[in-house]
Number of protein chains: 2
Amino acid sequence: MDNLATLFKEKNLKLTPQRYAIYKFLKSTKSHPSAEMIYEALRPDFPTMSLATVYKTVKTLIELGLVQELNVGEDNFRFDANVANHPHIVCTKCGRVDDIEDAVFEHLNSEVENYTNYKVNTHKLYFYGICPKCQGS
Amino acid sequence: MDNLATLFKEKNLKLTPQRYAIYKFLKSTKSHPSAEMIYEALRPDFPTMSLATVYKTVKTLIELGLVQELNVGEDNFRFDANVANHPHIVCTKCGRVDDIEDAVFEHLNSEVENYTNYKVNTHKLYFYGICPKCQGS
DNA sequence: TATTTATAGATAATATTTTTCTACAAAGAA
DNA sequence: TTCTTTGTAGAAAAATATTATCTATAAATA
Ligand SMILES: [Mn+2]
Ligand SMILES: [Mn+2]
Ligand SMILES: [Zn+2]
Ligand SMILES: [Zn+2]
């Protein structure tokens with residue numbers, strides 16, 4: 001979090017309270033929130049902060065390589081402060097998005113180069129199923 | 001294409017020229033067009049057709065199981081008349097979306113169940129890279 | 001023929017995200 | 001400290017993709 005100030009300074013960006021709070025919140029959660037969810041979560045502490053600030057900030061954080069964007073097929077984006085490429089799973093019943101821990105699929109990139117003439121750089125992998133909580137009900 | 005008429009009749013849906021043309025176009029192409037691209041492609045033959053009709057028709061086709069929706073991370077959806085679950089690759093330079101032929105990743109669903117408590121039903125897998133044409137330039 | 005039903009197209013509405021504008025505050029220079 | 005520059009928050013408007021509403025029409029049905 002200290003190198004955060006350094007990184008912002010390097011890019012001539014200001015580490016404002018709003019930016020700091022949004023990044024800290026994303027770092028603290030595994031819920032993969034949308035812009036709206038970030039906005040609601042920080043509203044108690046930042047009642048004057050606008051949704052546009054959330055959007056502008058996550059965009060800044062993405063450009064800095066501090067956050068990645070997930071597109072699980074909803075009508076909005078979700079954000080993740082874990083910038084390593086890792087797979088996610090979406091509960092099709094309640095909508096929650098979880099990490100799949102310890103599962104590594106990086107070998108898929110080179111594997112798939114046998115089936116295409118593309119130069120493959122990365123991939124996005126989303127699983128869909130029913131979460132433990134929804135399996136009960 | 002004959003069972004198409006039967007299927008529509010079963011569901012009390014009318015196989016209108018617009019619907020037929022949209023489905024036929026999707027069947028004929030491997031370009032994974034967006035609604036806008038479908039609209040533009042059919043405009044010469046259907047100059048009065050509205051974009052709303054394209055949206056309503058692809059939705060209908062999806063409900064019938066004749067078309068699937070792709071979300072490669074752009075600001076819009078793309079559509080595919082190949083409804084089998086198959087992986088795609090996106091050129092990050094020119095934006096084209098191609099099938100990855102013959103590569104099967106269905107085993108991933110059960111494989112990933114070892115790493116999560118979810119009941120896994122399906123997945124979406126998108127690769128990103130540079131297409132042969134863009135590698136040249 | 002008369003009537004019902006589905007739908008194309010026009011238009012308005014919705015939702016998400018981006019842009020514009022302005023006042024302000026932090027940082028830097030004098 | 002004062003002056004000046006620069007970056008940004010927030011408000012509001014705009015842009016974009018998609019969906020819903022409404023009506024005339026044409027096909028299907030009675
Ligand atoms: Mn994650
Ligand atoms: Mn395809
Ligand atoms: Zn659930
Ligand atoms: Zn390309």
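Side chains included, hydrogens not; waters and symmetry mates left out as well; all remaining heavy atoms used. So that the names make sense, note that chain A is the first sequence line, chain B the second, and so on, each numbered from 1.
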(request) Kindly say if A:Thr48 contacts the phosphate of D:dG10, meaning a side-chain N or O under 4.0 Å from OP1 or OP2. (result) yes
(message) Under 3.5 Å, is there a donor on one side chain and an acceptor on the other for B:Asp98 and B:His88?
(response) no
(request) Would you indicate which nucleotide in C:dA25, C:dT16, D:dA9 comes nearest to any side-chain atom of A:Thr16? (result) D:dA9
(message) How many whole angstroms separate atom NZ of B:Lys9 from atom C1' of D:dA27?
(response) 11 Å
(request) With axes from five pairs an end, tell me the bend angle of the helix from C:dT1-D:dA30 to C:dA30-D:dT1, nearest 10°. (result) 10°
(message) For the residue pair B:Thr53 / B:Ser50, report whether a side-chain donor-acceptor contact shorter than 3.5 Å exists.
(response) yes
(message) So if I take every side-chain heavy atom of A:Leu13 and compare against C:dG9, C:dT16, D:dT8, which nucleotide ends up nearest?
(response) D:dT8
(message) At 4.0 Å (heavy atoms only), tell me whether B:Ser34 reaches a base, stays on the sugar-phosphate, or touches nothing.
(response) nothing
(request) Calculate the interatomic distance between B:Leu15 atom CG and D:dA28 atom C1'; express it in whole Å. (result) 14 Å
(message) Please pick, from C:dT17, D:dT6, D:dT19, the nucleotide with the shortest atom-to-atom distance to any side-chain atom of A:Lys14.
(response) D:dT6
(message) Between P on C:dT16 and NZ on A:Lys59, what's the gap in Å once rounded to a whole number?
(response) 18 Å
(request) Just compare D:dA9, C:dG9, C:dT7 and give me whichever is closest to any side-chain atom of B:Lys56. (result) C:dG9
(message) Rounded to whole Å, please give me the gap between CZ in A:Arg78 and P in C:dT16.
(response) 12 Å
(request) Among D:dG7, D:dG10, C:dG9, find the nucleotide with the atom closest to the side chain of A:Asn12. (result) D:dG7
(request) Starting at atom CD1 of A:Ile22, determine the distance to atom C1' of D:dG10, rounded to an integer number of angstrom. (result) 12 Å
(message) Rounded to whole Å, how long is the line connecting atom CE of B:Met49 with atom C1' of C:dT7?
(response) 14 Å
(message) Heavy-atom nearest nucleotide on DNA chain D for B:Asn76 versus A:Thr57: which residue maps closer to 5'?
(response) A:Thr57
(request) From the options C:dT17, C:dA8, C:dG9, select the nucleotide whose nearest atom is closest to the side chain of B:Arg19. (result) C:dA8
